[in-house]
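Here the structure is a predicted model, which is why all the values come from computation and not from measurement. Residue numbers start at 1 and run along the sequence shown.
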Amino acid sequence: EKYAQIITAAELKAKLTIVAGAGMEGRETGTEGQKKAAAYIESQFKDLGLKPANKGKYQQIFPLMEDTLLEGKIVINGDNYPFGTDFFMNARFNKTEKVKASKIVFAGYGIDDPIYNDYEGLDVKGAIVVLALGEPKKDGKNILPGGPRGSEWASIAKKIGAAKEKGAVGIFVVSPRLAILNPSTVASQRKTNLYLPASPTSDPYTLNFATTTSVFFKKLFPGEFGDSMIAKLGRFDAISATDHQSIKAKVSFDVKKQSIEKANSSNVLAMIEGTDKKDEYVFLTAHYDHLGMRGDVIYYGADDDGSGTVSVLEMATAFAKAKADGNGPRRTIVFMTVSGEEKGLWGSQYYAEHPVFPLEKTSVDLNTDMVGRLDPKRTKGDSTNYVYVVGDDKLSSDLKPISESINDKYAKLELDYKYNDPNDTERIYFRSDHYNFARKGVPIIFYFNGTHADYHRPTDTVDKINFDVMEKRVRFIFYTAWEMANRDAMLKRDIKLD
């Protein structure tokens with residue numbers, strides 16, 4: 001409790017006024033504003049005497065790439081099918097490669113599942129596979145279970161993986177309701193925005209694929225068969241084994257693209273080394289990036305996630321003081337602010353693929369993303385004394401009992417588990433940086449205040465923050481981290497990730 005008192009509304013406000021100030025220009029990943037924010041966070045860690053946590057450095061730099069498709073070419077039996085008329089390709093998810101094949105195989109929706117299998121009896125080894133977008137329905141409902149969003153087979157990446165396993169060398173994806181390509185769509189696919197490159201082990205796009213029109217499909221399979229299949233696929237009808245077709249053809253499928261590193265970004269890491277359990281780790285995380293500027297308009301991101309960023313800084317201050325007084329943690333505590341969250345959890349994804357500390361020795365990640373505001377949609381209980389606690393019922397049965405006992409003893413907040421509902425339509429559990437720890441098996445808790453009218457708008461500013469409520473929430477997270485860092489055993493990992 002002595003050290004929790006170091007975390008104050010006044011200090012949170014002082015730091016947030018800087019992080020979410022105009023000088024940081026909205027902190028968009030890859031921009032000068034984001035780099036200013038990283039430098040500020042690093043300076044705070046240095047001032048506290050925290051050790052750099054990335055092999056002697058405070059920042060873990062990761063590249064941001066831009067791709068341009070230089071050539072996409074399909075030649076079948078000597079006939080050249082024009083790019084932009086019959087097909088287009090995505091620069092990001094294809095690679096420079098020349099593919100030759102001697103047969104083309106139509107494999108329905110490209111699904112390989114015990115409930116519905118398009119590959120039964122089909123030999124696609126060495127072939128170009130033609131498959132359709134979507135998945136089959138019966139009486140208006142998906143045949144494969146998966147809810148309103150569809151099953152995992154709704155993903156083109158999943159279908160590519162199956163085709164690759166079966167020995168295919170390339171894929172033509174037919175869009176049955178698309179007869180004519182929009183030139184602007186074709187142009188937009190030829191060049192990417194900045195993106196974080198996937199590691200070779202995590203990239204699901206292992207085969208080149210072209211998105212093709214219904215007209216192209218009918219050129220490959222002319223006559224009654226082509227017409228009837230496009231009609232079936234357009235209705236998402238099931239495709240029977242007798243509907244599959246294999247044709248002999250001399251096929252060239254060539255792709256050429258240019259990839260260049262256009263910018264970089266960084267995670268900022270510092271640590272307080274533990275004592276008898278220093279080779280085990282507790283992570284306190286938040287993302288410091290936001291949406292940047294649109295013209296002259298700054299998206300300040302005070303709550304999202306300036307609030308989490310300064311929460312990590314304040315908890316670092318409290319733990320540093322405890323360490324200086326001889327009350328340091330048993331486990332090593334890593335304070336990590338990441339960037340790229342608003343782009344798709346890039347920074348935490350990069351860390352999860354390039355961990356500085358062993359993930360199997362990382363006991364927990366406590367992630368703070370938006371803890372400075374009140375949820376106007378929350379009508380129950382005390383609106384000034386709550387926090388949404390997300391993910392404490394997953395991965396480890398230790399999490400919820402510890403969290404609740406700490407709250408009962410110290411914070412006395414209303415812990416709201418709304419977003420632990422498996423049917424949460426907002427899918428909050430999957431939308432912040434803790435998820436990249438969770439998918440690697442690390443137990444997590446995510447602290448959140450809910451969205452509001454200023455979410456992802458220029459009006460998410462410091463003057464809207466309720467610092468008294470924020471102080472209570474951050475102290476609660478600090479108490480929880482203290483327990484995680486000092487308990488005898490690492491958290492059990494006894495619940496399977498859904």
Those residues that, when tested against [X], pass ring pair (Phe, Tyr, Trp, His ring centres under 6.0 Å) (two or more places apart):
X	result
Y300	none
Y479	Y410
Y205	F93

Should we count CZ of R330 as having more than 12 external heavy atoms under 6.0 Å?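 Check passes, neighbour count above 12.
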Quick check: does any side chain N or O of T29 sit under 3.5 Å from a backbone N or O of G340, one acting as donor and the other as acceptor? yes
Between [X] and [Y] (salt bridge meaning N to carboxylate O under 4.0 Å), is one present in this structure?
X	Y	answer
D392	K400	yes
K46	E42	yes
K13	E314	no
D237	R235	yes
E414	R378	yes
D468	K472	no

Who passes side chain to side chain donor-acceptor pair (under 3.5 Å) against D424, sequence neighbours left out?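 Listed in chain order: nothing, the list is empty.
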Listed partners of Y119 passing side chain to side chain donor-acceptor pair (under 3.5 Å), at least two apart: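 For Y119, no residue satisfies side chain to side chain donor-acceptor pair (under 3.5 Å) once neighbours in sequence are set aside.
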Are the side chains of K412 and F476 in contact, using a 4.5 Å heavy-atom criterion? no
Without hydrogens or angle criteria, can the side chains of E341 and Y288 be said to hold a donor-acceptor pair below 3.5 Å?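 Not at all, the side chains of E341 and Y288 share no donor-acceptor pair under 3.5 Å.
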Any side-chain donor near an acceptor of the partner, Y195 and N193, under 3.5 Å: no
Pairwise ring-ring contact (aromatic ring centres under 6.0 Å, His included) hits with a residue in residues 361-397, at least two apart: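 Found Y386-Y388, Y388-Y419.
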